[in-house]
Amino acid sequence: MYDIIIIGSGVSSIFLAYTLAQRNHKVLILEKGKSLEDRNCPLDQGETCNCHVCGKYFGFAGLGKSEGKFNYSSDFGGELEQKIGREHLQQLMDEVDDILCRYGGATVSKYSTENTELVRKAQSCNLQMLTTEVRHLGTSLSTKIFQRIYEELSSKIDIKFEVDVQEIIKDENAFTVHTNQANYQSHNVVFATGRSGNEWLKIQCSRLGVKQGKTRLDLGIRVEMKEQQLRSILQDTFETKLSYAHEDIISTTYCMNPQGRIIRKYQEGLVMPDGQNFRERENETSNLNFTLFTPAYFSTLKEANMYASNVIGKINQGTDRIVVQRLGDLKRREPTTKEKMMKNRVQPTLEADYGELTKEIPKLYIQILLEFLNHLEEFIGEAIDEDTLLYGMDGKFYSPIIETDDYFQTSIPGLYVIGDCSGVTHSLSQAAASGVYLGDYLSNTK
């Protein structure tokens with residue numbers, strides 16, 4: 001009999017298990033994917049995924065090893081502050097950073113995006129500048145850190161890989177977890193399956209009678225422009241996150257990559273443009289890229305996924321097709337052609353189809369982007385180059401919000417849900433903080 005069984009071994013699970021292991025709890029982690037050293041997927045080399053269980057999204061550390069960017073902020077990356085309070089969240093994120101540094105994270109300096117003068121200037125231009133402290137580990141260092149944590153964890157708790165959790169049954173005193181390997185019993189069960197475990201989580205919640213709420217979906221156009229155009233606002237902050245209000249819709253920039261490249265992202269059966277920081281590769285560029293994401297809310301996960309498939313799937317056309325258009329052509333309502341692109345001062349870092357975004361994506365996203373760029377011009381004090389490139393279309397997916405109490409406990413006593421699969425956290429730092437938070441709570445109630 002275990003004290004706690006954790007299903008999933010992503011970031012929230014790791015920090016929960018780490019907290020519990022320091023206090024001698026009997027813990028079992030069950031993971032659908034593989035160990036960190038065995039996680040391999042052709043997608044990482046730009047090829048087609050042929051994994052039985054995708055090694056890019058599943059396995060120890062989850063998406064924590066993908067880029068390892070920990071934004072220590074209450075202002076974006078989730079809604080954990082509303083659940084536990086701003087001061088408590090900051091304390092937890094400080095603890096998360098301390099743990100990362102304990103295993104090698106301190107070799108990368110933490111930086112701040114805060115700049116009081118720029119914040120005031122942004123506000124005068126009808127933009128909101130969101131600030132944070134960042135420790136950007138990068139894929140290589142992040143992988144080493146989580147491997148070191150795994151080696152310590154595995155000496156204190158049980159971790160089993162390639163486990164298919166089939167059913168969870170609650171009786172009066174304990175849970176029985178039925179899997180393809182064996183059955184396990186525990187006093188408490190924690191779902192920590194991340195965004196990638198949504199379909200499995202939906203089935204389990206339905207069986208157990210746990211309510212799932214609305215689902216958020218962010219879609220947006222990825223922008224690739226001259227890096228020097230934003231140098232005035234990036235030289236002291238490296239990465240800037242800006243938000244813009246269109247009526248009652250708040251759109252926010254995401255994954256700003258100075259000197260970075262655009263790569264293809266494969267998720268939810270769709271192909272999207274994604275940013276890759278120059279630190280991830282030796283060859284930097286003179287470009288900068290980011291996505292302006294606009295959120296929408298749907299009553300169910302199915303509806304959210306269907307909308308994304310209708311929009312992005314239409315662009316993909318059953319392939320890995322992505323469309324790119326020059327900003328000047330978009331404004332003049334002209335298609336971008338090969339001839340125009342040959343003379344373009346901003347050369348694309350991603351091979352994409354030249355075309356016309358107004359024929360590919362809903363007009364709202366184009367309208368919001370053009371309004372945002374107008375305000376951005378005012379902010380930087382110069383016109384955005386018409387050779388700037390616009391890629392359709394990026395997406396950011398979220399789990400449905402699951403009804404829980406202040407300690408992430410569902411309506412079933414002893415059953416908890418943390419991290420991104422809870423619908424509350426949307427970032428590595430807040431997912432990790434939710435794990436430490438629940439670990440402290442379970443230790444104090446033992």
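None of the values given here were measured: they were computed from a predicted structure.
Side-chain contact between Ile249 and Pro295: present, with at least one pair of heavy atoms (C-beta onward) separated by less than 4.5 Å. At a threshold of 4.5 Å between non-hydrogen side-chain atoms, the residues Tyr184 and Thr179 count as touching. Side-chain contact between Leu242 and Leu130 is absent, with no heavy atoms from C-beta onward closer than 4.5 Å. Thr253 places none of its side-chain heavy atoms less than 4.5 Å from the side chain of Thr291. Using a 4.5 Å heavy-atom threshold, the side chains of Lys156 and Gln22 count as touching. The shortest distance between side-chain heavy atoms of Thr252 and Leu292 does not fall below 4.5 Å. A 4.5 Å side-chain heavy-atom check between Met1 and His187 finds at least one atom pair inside the cut-off. Residues Val96 and Leu100 form a side-chain contact, since some pair of their non-hydrogen atoms from C-beta on lies under 4.5 Å apart.
Taken from NZ in Lys241 to OG in Ser73, the straight-line distance is 9.0 Å, to the nearest 0.5 Å. In this structure, CG in Leu89 is found 5.0 Å from CD1 in Ile84, a value given to the nearest 0.5 Å. Atom SG of Cys125 sits about 11.5 Å away from atom CG of Asn374, to the nearest 0.5 Å. The distance from the CD1 atom of Ile361 to the CD1 atom of Ile312 is 10.0 Å, given to the nearest 0.5 Å. Leu28 CG to Ile159 CD1: the interatomic distance, rounded to the nearest 0.5 Å, is 9.0 Å. The OG1 atom of Thr113 sits 10.5 Å away from atom CE of Met256, with the distance rounded to the nearest 0.5 Å.
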Go through the steps to decide whether Leu201 and Ile402 satisfy the test side-chain contact (heavy atoms from CB on, under 4.5 Å), and finish with yes or no.
CA-CA 10 Å; Leu201 187 62; Ile402 295 178; 3.6 Å; yes
Derivation of the side-chain contact (heavy atoms from CB on, under 4.5 Å) call for Thr215 and Phe397
CA-CA 9 Å; Thr215 303; Phe397 300 84; over 6 Å; no
Would Leu376 and Leu230 count as a side-chain contact (heavy atoms from CB on, under 4.5 Å) if you check the C-alpha gap in whole Å, the side-chain angles of each, and the deciding distance to 0.1 Å?
CA-CA 9 Å; Leu376 183 60; Leu230 295 192; 4.2 Å; yes
Worked verdict on Arg86 versus Gln90 for side-chain contact (heavy atoms from CB on, under 4.5 Å)
CA-CA 6 Å; Arg86 191 180 189 90; Gln90 189 58 55; 5.9 Å; no
Steps toward side-chain hydrogen bond (donor to acceptor under 3.5 Å, both in side chains) verdict (Ser9, Glu31):
CA-CA 6 Å; Ser9 66; Glu31 167 58 49; 2.7 Å; yes
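Remark: the Thr176 side chain and the Gln185 side chain contain an N/O donor-acceptor pair separated by less than 3.5 Å. Between the side chains of Thr294 and Ser251, at least one donor-acceptor pair of N or O atoms lies under 3.5 Å. Between the side chains of Tyr18 and Arg102, at least one donor N or O sits under 3.5 Å from an acceptor N or O. Looking only at atom types and distance, the side chain of Ser399 has no donor-acceptor partner in the side chain of Arg195 under 3.5 Å away. For Asp440 and Ser443, the side-chain atoms include no donor-acceptor pair closer than 3.5 Å. A side-chain donor-acceptor contact under 3.5 Å links Glu152 and Tyr103. With hydrogens and angles left out, the side-chain atoms of Gln128 and Tyr244 include no donor and acceptor closer than 3.5 Å. Looking at Tyr391 and Asn289, their side chains never bring a donor and an acceptor atom within 3.5 Å of each other. Defined by atom type and a distance below 3.5 Å, a donor-acceptor pair is missing between the side-chain atoms of Gln91 and Glu95. There is a side-chain donor-acceptor pair under 3.5 Å between Asn183 and His178. Asn287 and Glu224 form a side-chain donor-acceptor contact under 3.5 Å, judged by distance and modelled atom types alone. Counted by atom type alone, Asp97 and Tyr72 present one or more donor-acceptor pairs between their side chains at under 3.5 Å. Between the side chains of Tyr254 and Asp218, not a single donor N or O lies within less than 3.5 Å of an accepting N or O.
Residues Ala433 and Leu80 approach most closely at CB-CD2, 4.0 Å, considering heavy atoms. Between Val436 and Thr19, the shortest heavy-atom distance links the atoms CA-OG1, 3.6 Å. Residues Asp164 and Asn180 share a closest heavy-atom pair of N-OD1, 2.7 Å. When all heavy atoms are compared, the tightest approach of Gly33 to Val53 is CA-CG1, 4.1 Å. Considering all non-hydrogen atoms of both residues, Ile221 and Tyr365 come closest at CD1-O, 4.0 Å. Here the closest non-hydrogen pair linking Gln409 and Gly414 is OE1-N, 2.7 Å.
Panel note: side chain Ser429, backbone Asn71; a donor-acceptor pair is recorded below 3.5 Å. With Asn316 contributing its side chain and Arg321 its backbone, the two residues share a donor-acceptor pair below 3.5 Å. Side chain of Arg261 to main chain of Gln276: no donor-acceptor pair is present (N/O by atom type, distance under 3.5 Å, no hydrogens or angles). One N or O on the side chain of Ser186 and one on the backbone of Ile5 form a donor-acceptor pair closer than 3.5 Å. Between the side chain of Asn257 and the backbone N or O of Cys255 there is at least one donor-acceptor pair closer than 3.5 Å. When atom types are taken as modelled, the side chain of Arg39 and the backbone of Gly55 share a donor-acceptor pair closer than 3.5 angstrom. Side-chain atoms of Ser434 come within 3.5 Å of backbone atoms of Gly419 as a donor-acceptor pair (strictly under, hydrogens ignored). Remark: side-chain polar atoms of Lys211 are not paired, donor with acceptor, to backbone N or O of Thr404 under 3.5 angstrom. At distances below 3.5 Å, at least one donor-acceptor pair connects side-chain atoms of Gln325 with backbone N or O atoms of Leu357. A donor-acceptor pair is defined here as one N or O able to donate and one able to accept, closer than 3.5 Å; such a pair exists between the side chain of Ser427 and the backbone of Gly77.
Enclosure of atom NZ in Lys144 is not indicated, since only 12 or fewer non-hydrogen atoms of other residues, nucleotides or ligands lie within 6.0 angstrom. Enclosure of atom CD in Glu117 is not indicated, since only 12 or fewer non-hydrogen atoms of other residues, nucleotides or ligands lie within 6.0 angstrom.
No close placement of the Tyr416 and Phe408 rings is indicated, their centers lying 6.0 Å or farther apart. Ring centers of Tyr437 and His88: under 6.0 Å apart, within the cut-off. Ring centroid separation for the pair Tyr398 and His426 comes in under the 6.0 Å cut-off.
Taking the ring axis of Tyr307 as reference, the NZ or CZ atom of Lys302 does not stay both within 45° of it and closer than 6.0 Å to the ring centre. Stacking of Lys396 on the aromatic ring of Phe293 is not recorded, the 6.0 Å distance cut-off and the 45° axial limit not both being met. Under the 6.0 Å distance and 45° angle rule, Lys34 does not count as a cation-pi partner of Phe161.
A salt bridge (charged side-chain N to carboxylate O under 4.0 Å, His left out) with Arg264 holds for exactly one of Asp394, Asp320, Asp274; it is Asp320.
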